[in-house]
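Comments concern the structure below.
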Amino acid sequence: MKRIGQMIVVCVLSLSLMTGCWNRRELDELGILSGVAIDRAGKDYQVAAQVIIPDQVNSRTGGGKAPVTLYKAKGATLFEAFRNLTTTSPRKIYTAHIQTLVLSEEVAHEGVAKVLDLLVRNQETRMNYVVMVAKQVPAEQIMNVLTPLEKVPADSLFNSLETSSNIWSPVSKITVDMLMDQLTTEGIHPVLPGVTTTGNAPASQAATKEEIDVPVKLVLSELAVFKGDKLAGWLSPSEARGYNYITDKVKSSVGHLKCPDGKLLAIEIIRTKTKLKCMLVNGEPVIEVLVETDSNIGEETCNLDISSPVTIKELEQNAEIRANTLMKKSVDTMQQKYKIDIFGFGNLIYKTHPKLWKTLEKDWDEHFSKLQVIYKTKMHIRNTGMTSNSLTRIMKE
Amino acid sequence: MANGKISTKQLAVLVIYFIIGDMLLVLPSLIVSAAKQDAWLSGMLGFIVGWPVAWFLYKFSRLYPKLTIVQYSRRLLGKWLGGLVAIFYLYYYLTNVSVILREVGDFITTQFLTETPIMVIHLLMVILIIWSMKSGIETIARTGETFFPWNALLFIALIILLLPQVQMDRIQPIMTEGLRNINYASLYSSTFTFCEMNVFLMILPQVANSKHTERDYLIGAFLGGMAICSIVMLTLVVIGPNLIPSLIYPTYSAAQKINIGNFLQRVEAILAINWIISTYFKIILNFYALMLGLTQLLKLRDTRSMTVPVGLIAFGLAFAVTPNTVHFNYMINYYIYWDITCAIVLPLLLYAIHLIRKKYGHPNLQQDRL
């Protein structure tokens with residue numbers, strides 16, 4: 001009898017304890033969030049949540065309809081707005097798989113820290129999604145565009161940001177932990193990539209899959225510059241390129257040079273490495289930017305004899321000058337127009353000369369605008385692709 | 001239960017578990033908020049200071065190799081005064097048990113089961129502890145021995161998988177936070193790990209006689225200290241000194257960053273499992289010390305009759321010990337002094353009394369009579 005009693009106790013205990021927790025959530029009760037857009041609507045926040053429709057993403061059952069849907073809700077705080085989503089969405093929004101966060105310009109002007117707090121405090125979300133600022137369009141509109149190649153638009157944004165930042169230097173991918181790191185680190189101000197839409201058809205029409213060239217597309221545009229957590233302005237793609245070179249964010253890219261005859265020559269950058277150095281000249285900090293780049297000739301349309309080492313040497317020198325100008329242009333804009341140190345020069349001084357930094361810290365942005373920066377680029381052209389001299393040169397007259 | 005014997009190898013494993021214990025998750029936050037990017041120096045300093053403390057505790061326990069602190073404090077100070085010291089230690093162990101239980105509950109309810117009442121998690125843990133207690137110290141030590149290779153493997157895997165995320169320049173500039181802050185931060189890494197090892201004053205008499213006891217004990221303390229240092233360093237270079245203070249479980253956040261080729265990712269639960277296992281050992285060793293001390297103080301025949309009631313007291317205390325996590329994190333700062341009192345001040349005092357009493361009469365003080 002005692003044995004049977006023990007068995008019953010064990011069975012009851014294991015049934016009640018080992019079958020899982022009581023606030024379990026099954027997959028079909030969750031709305032999996034892929035991206036969020038946050039706008040200001042008067043005093044309230046408006047959250048637009050892009051939620052995946054599992055049936056449509058599935059390659060067997062999918063097709064025909066849009067793979068995601070957009071729920072919108074308002075609230076005085078973001079958390080309320082998120083919970084308010086359930087008034088329109090049948091499922092509770094599950095945020096662990098969020099890929100993209102898009103903020104409207106207005107929200108960015110007010111400060112991103114307020115917005116980030118909820119997403120960082122919440123235990124569900126992870127810190128590896130990307131943050132973007134919607135330029136000139138409401139953030140919600142970004143979430144409303146369907147993308148043909150990737151089924152889930154927020155994934156598409158994430159992926160195109162990742163792909164671009166790997167092979168195209170004006171674009172940089174900033175994840176939320178990088179953003180938080182930059183917000184809390186001394187002597188550096190954050191930047192975020194901008195995104196906008198092209199085409200003037202109503203965004204919802206993009207949902208039809210019948211056209212090959214969809215009428216509305218997402219475009220990664222300029223780079224948003226922040227002072228603290230508040231949006232201060234935008235850097236053009238070429239300035240953004242300088243920024244990415246200085247902060248060593250470029251992995252590979254393509255750039256062009258002008259030949260003497262005015263035609264262009266494209267150089268593919270295979271790998272590049274930037275080192276920043278801080279020197280003291282008469283007690284004043286001077287920053288030295290050292291860039292070392294390996295590249296190939298990718299496209300040559302001018303009439304150069306690139307089979308000769310002399311030409312290559314000249315090309316290398318031209319490319320070095322061009323890279324220096326790019327970086328200088330970017331720094332000049334920040335020094336003269338915005339007076340915001342987005343490059344982390346201040347942080348470099350803090351790390352290498354902590355005592356000097358104590359004296360500069362208070363009005364660093366002033367000091368930054370007068371900071372002397374020296375650029376040194378070393379460009380190596382390693383090969384010329386499958387051909388040496390170009391078709392334009394060897395073509396018969 | 002007093003005849004339960006554990007081998008020196010098992011002792012070393014228990015020491016390692018005990019030092020890593022709950023600190024695996026919470027230490028980086030405490031230490032970095034005090035010393036910023038110099039936290040790794042504080043971690044090392046805490047290790048350099050803490051290891052001798054562990055050694056001192058060992059030497060102290062060897063004055064009366066067969067007696068626990070509850071027994072010899074009464075031998076030295078007499079029935080009443082010694083009893084008071086013994087009760088003080090027992091109270092300390094009880095608080096340790098409930099505070100660490102609370103840490104487990106807080107972690108689970110913050111990260112995983114947010115809507116589950118914290119008491120449910122405490123209850124599960126308490127049932128486990130009572131069960132282990134009934135099985136005795138030998139079983140606990142063998143459990144440790146069984147789990148240890150897996151835990152070590154997962155710990156090393158965690159470090160290796162995080163290497164791609166390391167940014168060494170996060171610890172620059174070095175030595176700018178001031179010696180005072182570095183010293184203060186080192187208190188966290190020495191007290192919560194090494195000073196709390198005074199629990200072993202109750203457990204060392206259970207270790208089988210061996211020539212290698214001291215060596216294995218010190219090796220265990222060394223490895224545990226190294227693990228703590230490397231966790232502090234790793235969290236610091238992965239997350240950085242600016243974000244860590246605002247994170248409650250920075251090591252967990254660091255583990256979330258593991259991403260090998262967009263394929264091997266979201267493995268932070270491994271860290272959570274590791275943490276819960278090592279924290280379990282910290283709780284059970286404290287609980288064992290409490291139960292053993294209680295039996296010896298009240299001269300009971302065995303602990304079985306007391307295990308469930310005391311377990312339930314710990315269960316209640318774990319809930320009552322702090323109203324919320326903010327209060328808990330505030331309280332932690334005062335826990336340092338308690339640890340120091342129990343691990344250094346009181347033993348030193350007892351040691352002094354021992355020397356005095358040895359000099360004036362009582363030549364056979366150290367003989368075992370119990």
Side-chain angles (χ1 to χ4, degrees), chain A residues 9-10 13-14 16-18 20-25 92 95-97 99 113 116-117 120-129 155 158-159 162-163 166 175-188 190 248 275-276 278 344 347-358 361, chain B residues 32-33 36-38 106-117 120-121 123-125 127-128 131 165 167-178 236-250 252-259 261-262 265-269 272 325:
Chain A
V9 169
V10 167
L13 275 182
S14 42
S16 56
L17 295 179
M18 296 173 80
C21 49
W22 59 54
N23 60 341
R24 82 207 185 287
R25 279 167 286 171
K92 194 182 170 205
T95 57
H97 294 277
Q99 293 272 41
L116 287 180
D117 187 83
V120 174
R121 202 178 285 283
N122 192 305
Q123 83 290 342
E124 266 177 7
T125 48
R126 302 161 57 85
M127 309 253 272
N128 57 2
Y129 53 92
D155 278 3
F158 184 90
N159 288 341
E162 184 153 283
T163 319
N166 279 341
T175 54
V176 70
D177 52 343
M178 289 161 76
L179 175 63
M180 282 176 54
D181 201 34
Q182 287 181 342
L183 279 170
T184 50
T185 305
E186 297 184 56
I188 189 165
D248 198 20
K275 276 185 185 151
L276 299 180
C278 174
N347 188 250
L348 182 71
I349 296 172
Y350 167 62
K351 281 181 172 159
T352 50
H353 302 87
K355 278 189 188 139
L356 176 69
W357 173 249
K358 283 243 154 68
E361 194 180 354
Chain B
V32 172
S33 48
K36 287 282 170 78
Q37 68 276 7
D38 288 333
D106 274 339
F107 175 65
I108 303 272
T109 48
T110 316
Q111 286 290 352
F112 298 105
L113 313 176
T114 45
E115 284 150 48
T116 306
V120 176
I121 292 143
L123 187 67
L124 285 178
M125 210 67 190
I127 290 173
L128 184 63
W131 184 18
Q165 314 284 340
Q167 284 181 25
M168 282 313 279
D169 67 330
R170 292 196 195 276
I171 58 171
Q172 280 178 319
I174 294 166
M175 290 284 284
T176 47
E177 287 304 311
L236 192 62
V237 290
V238 168
I239 297 194
N242 301 308
L243 278 188
I244 292 177
S246 64
L247 297 170
I248 306 215
Y249 305 110
Y252 189 78
S253 306
Q256 284 184 325
K257 289 181 95 170
I258 290 178
N259 184 357
N262 279 335
Q265 51 179 339
R266 311 203 170 209
V267 290
E268 63 271 15
T325 50

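In what follows, chains carry the letters A, B, and so on, assigned in the order in which the sequence lines appear, proteins first and then strands, with residues in each chain numbered from 1.
Side-chain atoms of B:Arg170 and A:Asp181, non-hydrogen and from C-beta on, do get closer than 4.5 Å to each other. Using a 4.5 Å cut-off on side-chain heavy atoms (C-beta onward), A:Leu179 and A:Leu116 make contact.
With a 4.5 angstrom heavy-atom cutoff, B:Leu124 touches chain A only via side-chain atoms. Heavy-atom distances place no part of B:Asn259 under 4.5 Å from chain A, backbone and side chain included. A:Asp177 touches chain B through backbone and side chain together, each having a heavy atom under 4.5 Å away.
Between chain A and the residues B:Leu247, B:Ile248, B:Thr110, B:Ile127, the most heavy-atom pairs under 4.5 angstrom are made by B:Thr110.
Partners of B:Tyr249 according to the ring pair (Phe, Tyr, Trp, His ring centres under 6.0 Å) rule, which considers only residues two or more places apart in sequence or in another chain, are B:Phe107. Qualifying side chain to side chain donor-acceptor pair (under 3.5 Å) partners for A:Thr185, counting only residues two or more places apart in sequence or in other chains: B:Asn242.
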